[in-house]
Amino acid sequence: MTQPNPWRATILTLFPDMFPGPLGVSLAGKAQAAGLWALEARDIRDSATDRHRSVDDTPAGGGPGMVLRADVLAAAIDAADAAPDRQKDRPRLLMSPRGRPLTQSQVMELAAGPGPLIVCGRFEGIDQRVIEARRLEEVSIGDYVLSGGEIAAMVLIDACVRLLPGVMGKLASGADESFSDGLLEYPQYTRPQEFEGRPIPEILLSGDHARVAAWRQAEAEALTRARRPDLWAARARDQKRPKNATEG
Ligand code: SAH
């Protein structure tokens with residue numbers, strides 16, 4: 001099963017000990033052990049040059065907190081890219097609340113590539129010049145502020161890894177899942193047949209695959225409409241667009 005050049009996530013962090021963390025168990029952990037993907041956590045501090053190995057400094061212009069230094073971080077990125085087996089054209093991401101919100105379609109794109117290099121910020125963030133000079137693409141996992149980029153990076157990697165070939169077996173396409181067709185997923189049920197007076201919807205026990213599929217589609221649509229009017233509207237727009245139209 002082991003591939004010569006598996007999908008690889010390279011993390012630049014001040015806390016490499018946080019990895020693999022939750023990525024070391026269950027599906028992702030087994031797949032990593034099987035060589036289906038690789039994780040490399042590199043310590044940004046290894047690229048510090050002064051006696052105190054400092055990585056941050058006070059913000060220019062004043063204000064609270066500390067900012068990660070451009071020179072140290074750039075050196076860390078360059079060192080990660082200089083490793084002999086590295087693909088030069090992999091995506092370079094910076095986890096950041098200012099970034100473009102992560103979506104399932106971006107996850108699918110990242111999973112289909114060689115795997116990203118991911119910079120995790122800490123403190124007040126990182127010096128703007130390294131974002132520009134190393135062309136980091138800022139990615140957010142939602143409109144709230146975390147204390148560091150590590151958990152955000154884990155979210156992104158987890159979402160990618162489960163889509164890699166062989167990781168989820170038959171489920172790998174994820175075709176039926178929330179977001180894959182612009183809809184939230186329909187409700188799921190399993191045994192027992194009755195729970196606290198609530199039966200499983202009868203249709204699901206009918207064995208009629210066409211009716212089951214129609215029911216699930218209707219549930220998914222109703223749920224999306226009620227909970228995510230934004231997704232619902234986007235889907236309506238997509239469906240109006242001619243099939244050969246390009247993104248933009
Ligand atoms: N002062 C910054 C927040 C820094 S939070 C601001 O207001 O934009 C410290 C680090 O946590 C960030 O550099 C980033 O790497 C990470 N982080 C925080 N919230 C995040 C989010 N919603 N998505 C992705 N990364 C996030």
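Because only heavy atoms are used, hydrogens play no part in the values below, and waters and symmetry mates are left out as well, while side chains stay in. Indexing begins at 1, ligand by ligand and atom by atom, following the structure's order.
Ranking the protein heavy atoms by distance from atom 8 (O) of ligand 1 puts Pro97 CG, 3.4 Å first. The closest protein non-hydrogen atom to atom 23 (N) of ligand 1 is Ile141 N, 3.1 Å. Among all protein heavy atoms, the one lying closest to atom 1 (N) of ligand 1 is Glu124 O, 3.0 Å. Remark: minimum distance from atom 15 (O) of ligand 1 to any protein heavy atom is reached at Met95 O, 2.6 Å. When only non-hydrogen protein atoms are considered, atom 19 (N) of ligand 1 lies nearest to Leu146 N, 3.0 Å.
Backbone and side-chain nitrogen or oxygen atoms of Ser96 are examined, and one is located within less than 3.5 angstrom of a nitrogen or oxygen of ligand 1. Considering backbone and side-chain atoms together, Val145 places no N or O closer than 3.5 Å to any N or O of ligand 1. The shortest N or O to N or O distance between Gly121 and ligand 1 is below 3.5 Å. The shortest N/O to N/O separation between Ala152 and ligand 1 does not fall below 3.5 Å.
Distance alone, capped at 3.5 Å, is enough to place a donor-acceptor pair between the Ser178 side chain and the Glu185 backbone. Between the side chain of Trp232 and the backbone N or O of Leu223, no donor-acceptor pair lies under 3.5 Å.
For ligand 1, the atoms closer than 4.0 angstrom to any heavy atom of Gly149 are 11 (O), 15 (O), 16 (C). For ligand 1, the atoms closer than 4.0 angstrom to any heavy atom of Ser140 are 22 (N), 23 (N), 24 (C). Remark: ligand 1 atoms within the under-4.0 Å shell around heavy atoms of Gly125 are 13 (O). Which parts of ligand 1 touch Phe123 is read off a 4.0 Å heavy-atom cut-off, strictly below it: atoms 4 (C), 5 (S), 9 (C). Taking every heavy atom of Val139 and a limit of under 4.0 angstrom, the matching atoms of ligand 1 come to 24 (C).
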Please tabulate, one pair per line, all N/O donor-acceptor pairs under 3.5 Å involving side-chain atoms of residues 203-212, not counting sequence neighbours.
{"unit_1": "Ser206", "atom_1": "OG", "unit_2": "Ile203", "atom_2": "O", "d": "2.6"}
{"unit_1": "Ser206", "atom_1": "OG", "unit_2": "Asp208", "atom_2": "N", "d": "3.1"}
{"unit_1": "Asp208", "atom_1": "OD1", "unit_2": "Ala210", "atom_2": "N", "d": "3.3"}
{"unit_1": "Asp208", "atom_1": "OD1", "unit_2": "Arg211", "atom_2": "N", "d": "3.2"}

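Taking a 6.0 Å sphere around CD1 of Ile151, one finds it holds 12 or fewer heavy atoms contributed by other residues, nucleotides or ligands. Within a 6.0 Å radius of CZ in Arg45, more than 12 heavy atoms belonging to other residues, nucleotides or ligands are found. No more than 12 heavy atoms of other residues, nucleotides or ligands sit less than 6.0 Å from atom CG of Asp143. Atom CD of Gln193 is surrounded by 12 or fewer heavy atoms from other residues, nucleotides or ligands within 6.0 Å.
Evaluation of the side chain to side chain donor-acceptor pair (under 3.5 Å) test over residues 117-129, restricted to residues two or more places apart or in two chains, returns Arg98-Gln128, Arg122-Glu150, Asp127-Arg129, Gln128-Glu132.
The closest approach between a heavy atom of Ser147 and any atom of ligand 1 is below 4.0 Å.
Using a 3.5 Å distance cut-off with no hydrogens or angles, the side chains of Gln106 and Glu137 do pair a donor with an acceptor.
The shortest side-chain heavy-atom distance between Met108 and Phe179 does not fall under the 4.5 Å cut-off.
Within a 4.0 Å radius of atom 11 (O) of ligand 1, the protein has at least one heavy atom.
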